[in-house]
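This report refers to the structure that appears directly beneath it.
Numbers for residues simply follow the sequence, beginning at 1.
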Amino acid sequence: MSSAWVYVFDLDFTLIQMSSAFFVVDRLFEKGLLTKEDVELFKRVSKIDWWDFFFPMAHTSTLYGLLNNIYVKDVEKIIASNFSKIQFNPKMLALVLKANSELNDVLLLSSTDYYIAKIIAHHIGISKIIANKCEVVNGKYTSNITQSCSGLDKFFLFRKYILANSFSKNKILYYTDSYLDFILKPLVQKIFLVH
């Protein structure tokens with residue numbers, strides 16, 4: 001068992017002060033890879049708050065439907081070329097940098113797309129990521145979800161990660177913007193609600 005702390009961060013509205021999916025959808029629209037109707041559909045589905053509780057994959061399924069047949073590399077390039085437009089939470093970013101400098105474990109645990117999360121996390125020094133994944137064929141997104149990191153699935157993926165790494169609950173701190181993530185409370189010492 002490691003003596004280091006484990007800092008776990010949600011991405012959207014925690015590490016960054018925006019929705020990573022909205023950010024990518026808007027950039028894909030600007031590049032002509034999505035239509036105005038695609039963007040409106042995504043925003044309409046995403047505004048229904050209670051869906052997060054009853055249908056946690058509705059937002060993700062819609063995102064993957066829009067990303068279907070778009071190259072992962074194109075999404076990564078769009079994020080990298082627009083990285084300065086991502087609004088980071090300065091307190092959370094400072095905490096990530098401090099945790100890394102003290103050689104603690106830092107994990108991104110998010111219901112966003114793995115590849116979107118990966119490119120953002122890479123730029124701020126986070127290499128461990130648990131997120132939603134979809135099948136990628138010939139470098140392109142499909143709409144086939146292969147790993148859900150929403151709702152109870154998030155709990156079980158995180159629990160599996162903790163057990164595989166022999167982490168102690170007493171050494172895990174979790175930062176999130178969502179009350180829905182309090183489902184993780186049995187797995188961590190403390191959850192910090194970030195606004």
Side-chain angles (χ1 to χ4, degrees), residues 6-31 33-34 38-39 42-43 46 52 56-57 59-68 70-101 104-136 139-141 145-150 153-154 157-158 161 172-178 180-181 184 191-195:
V6 181
Y7 288 80
V8 184
F9 296 91
D10 183 29
L11 180 61
D12 296 347
F13 303 103
T14 302
L15 271 177
I16 62 175
Q17 298 173 319
M18 58 197 304
S19 162
S20 58
F22 278 110
F23 179 78
V24 169
V25 166
D26 286 342
R27 302 296 82 75
L28 290 170
F29 171 70
E30 289 169 3
K31 290 281 187 186
L33 296 171
L34 293 178
D38 292 333
V39 174
F42 184 68
K43 291 185 178 180
S46 298
D52 285 343
M57 292 304 292
H59 176 85
T60 301
S61 297
T62 306
L63 175 64
Y64 286 143
L66 296 178
L67 292 176
N68 192 30
I70 293 178
Y71 285 101
V72 172
K73 291 279 185 210
D74 288 342
V75 171
E76 290 173 341
K77 285 177 191 173
I78 285 170
I79 294 170
S81 65
N82 289 281
F83 196 76
S84 63
K85 295 177 184 174
I86 296 175
Q87 302 162 2
F88 281 92
N89 179 325
K91 290 180 182 175
M92 293 296 99
L93 186 56
L95 189 55
V96 168
L97 298 174
K98 180 179 184 280
N100 276 332
S101 72
N104 292 296
D105 286 285
V106 180
L107 170 70
L108 182 64
L109 179 64
S110 178
S111 297
T112 196
D113 168 59
Y114 173 82
Y115 300 101
I116 293 171
K118 179 180 158 189
I119 192 75
I120 294 171
H122 171 76
H123 280 280
I124 59 172
I126 299 176
S127 61
K128 298 171 185 152
I129 302 154
I130 300 174
N132 288 320
K133 288 184 180 177
C134 79
E135 179 182 43
V136 174
K140 291 182 178 181
Y141 282 98
I145 297 170
T146 60
Q147 174 175 285
S148 167
C149 189
S150 299
D153 294 330
K154 190 177 212 177
L157 283 172
F158 186 42
Y161 177 82
I172 302 173
L173 304 173
Y174 183 63
Y175 297 83
T176 183
D177 69 302
S178 175
L180 294 176
D181 285 338
L184 304 175
I191 295 180
F192 296 91
L193 196 58
V194 177
H195 293 288

Fill in the blank from the handout: Heavy atoms of Thr176 and Ile191 approach each other most closely as CG2-CG2, 3.8 Å

Handout entry: Distance-minimising heavy-atom pair for Cys149 and Ala131
Key = CB-C, 3.5 Å

Problem - Stepwise side-chain contact (heavy atoms from CB on, under 4.5 Å) test for Leu109 and Leu184 - result: CA-CA 11 Å; Leu109 179 64; Leu184 304 175; 3.7 Å; yes

Practice task
Drop me the distance from Ser110's OG to Ile129's CD1, to the nearest 0.5 angstrom.
Solution key: 9.5 Å

Handout entry: Residue pairs involving residues 119-129 (criterion salt bridge (Lys or Arg N to Asp or Glu O under 4.0 Å); sequence neighbours excluded)
Key = Asp105-Lys128

Side chains of residues 79-86: which donor-acceptor pairs under 3.5 Å do they make with residues two or more places apart or in other chains?
from  : atom 1 : to    : atom 2 : distance (Å)
Ser81 : OG     : Lys77 : O      : 3.0
Ser81 : OG     : Ile78 : O      : 3.2
Asn82 : OD1    : Lys85 : NZ     : 3.1
Asn82 : ND2    : Ile78 : O      : 2.8

Handout entry: Any Leu34 side-chain heavy atom under 4.5 Å of Phe42 side chain
Key = no

Problem - Minimum heavy-atom distance between Thr112 and Ala21, given as atom pair plus value - result: OG1-N, 4.4 Å

Problem - salt bridge (charged side-chain N to carboxylate O under 4.0 Å, His left out) partners for Glu135, two or more places apart - result: none

Practice task
Would you check if Tyr7 and Ile126 make a side-chain contact, meaning some heavy-atom pair closer than 4.5 Å?
Solution key: no

Problem - salt bridge (Lys or Arg N to Asp or Glu O under 4.0 Å) pairs, two or more places apart, involving residues 90-99 - result: Lys98-Glu102

Completion exercise
Rounded to the nearest 0.5 angstrom, the CG-CG distance for Asn89 and Leu11 is 11.5 Å

Fill in the blank from the handout: Between Leu193 and Ser178, the two heavy atoms sitting closest are CD1-N, 3.9 Å

Problem - Side chains of Ile172 and Phe158 in contact at under 4.5 Å (non-hydrogen atoms) - result: yes

Problem - salt_bridge(Lys140, Asp74) N-O dist < 4.0 Å - result: no

Practice task
For Tyr64 and Asp113, test the side chains for any donor-to-acceptor distance below 3.5 angstrom and give the result as yes or no.
Solution key: yes

Exercise for the section: Please identify each residue that fulfils ring-ring contact (aromatic ring centres under 6.0 Å, His included) with Tyr161, with sequence neighbours left out. Expected result: Phe167

Problem - Interatomic distance, Lys73 atom NZ to Ile119 atom CD1 [nearest 0.5 angstrom] - result: 8.5 Å

Problem - Non-hydrogen side-chain atoms of Lys154 and Asp10 separated by less than 4.5 Å - result: yes

Problem - Minimum side-chain heavy-atom gap Asp12-Ile16 below 4.5 Å - result: yes

Handout entry: Crowding at CZ, Phe13 (>12 non-hydrogen neighbours, <6.0 Å)
Key = yes

Problem - Non-hydrogen atoms of Asn100 and Asn104 that approach each other most closely - result: OD1-O, 4.4 Å

Practice task
Nearest 0.5 Å please: distance from the CG atom of Asp177 over to the CZ atom of Phe9.
Solution key: 13.5 Å

Exercise for the section: Tell me, yes or no, whether the heavy-atom count around His122 atom NE2, taken from other residues, nucleotides or ligands under 6.0 Å, exceeds 12. Expected result: no

Fill in the blank from the handout: Scanning both residues in full, the closest heavy-atom pair of Leu67 with Tyr141 reads O-CB, 3.3 Å

Exercise for the section: To the nearest 0.5 Å, tell me how far Asn132 CG sits from Leu63 CG. Expected result: 9.0 Å

Fill in the blank from the handout: Sequence neighbours excluded, the answer for ring-ring contact (aromatic ring centres under 6.0 Å, His included) partners of Phe192 is Tyr175

Fill in the blank from the handout: Taken to the nearest 0.5 Å, the spacing of Ile130 CD1 from Ser111 OG works out to 11.5 Å

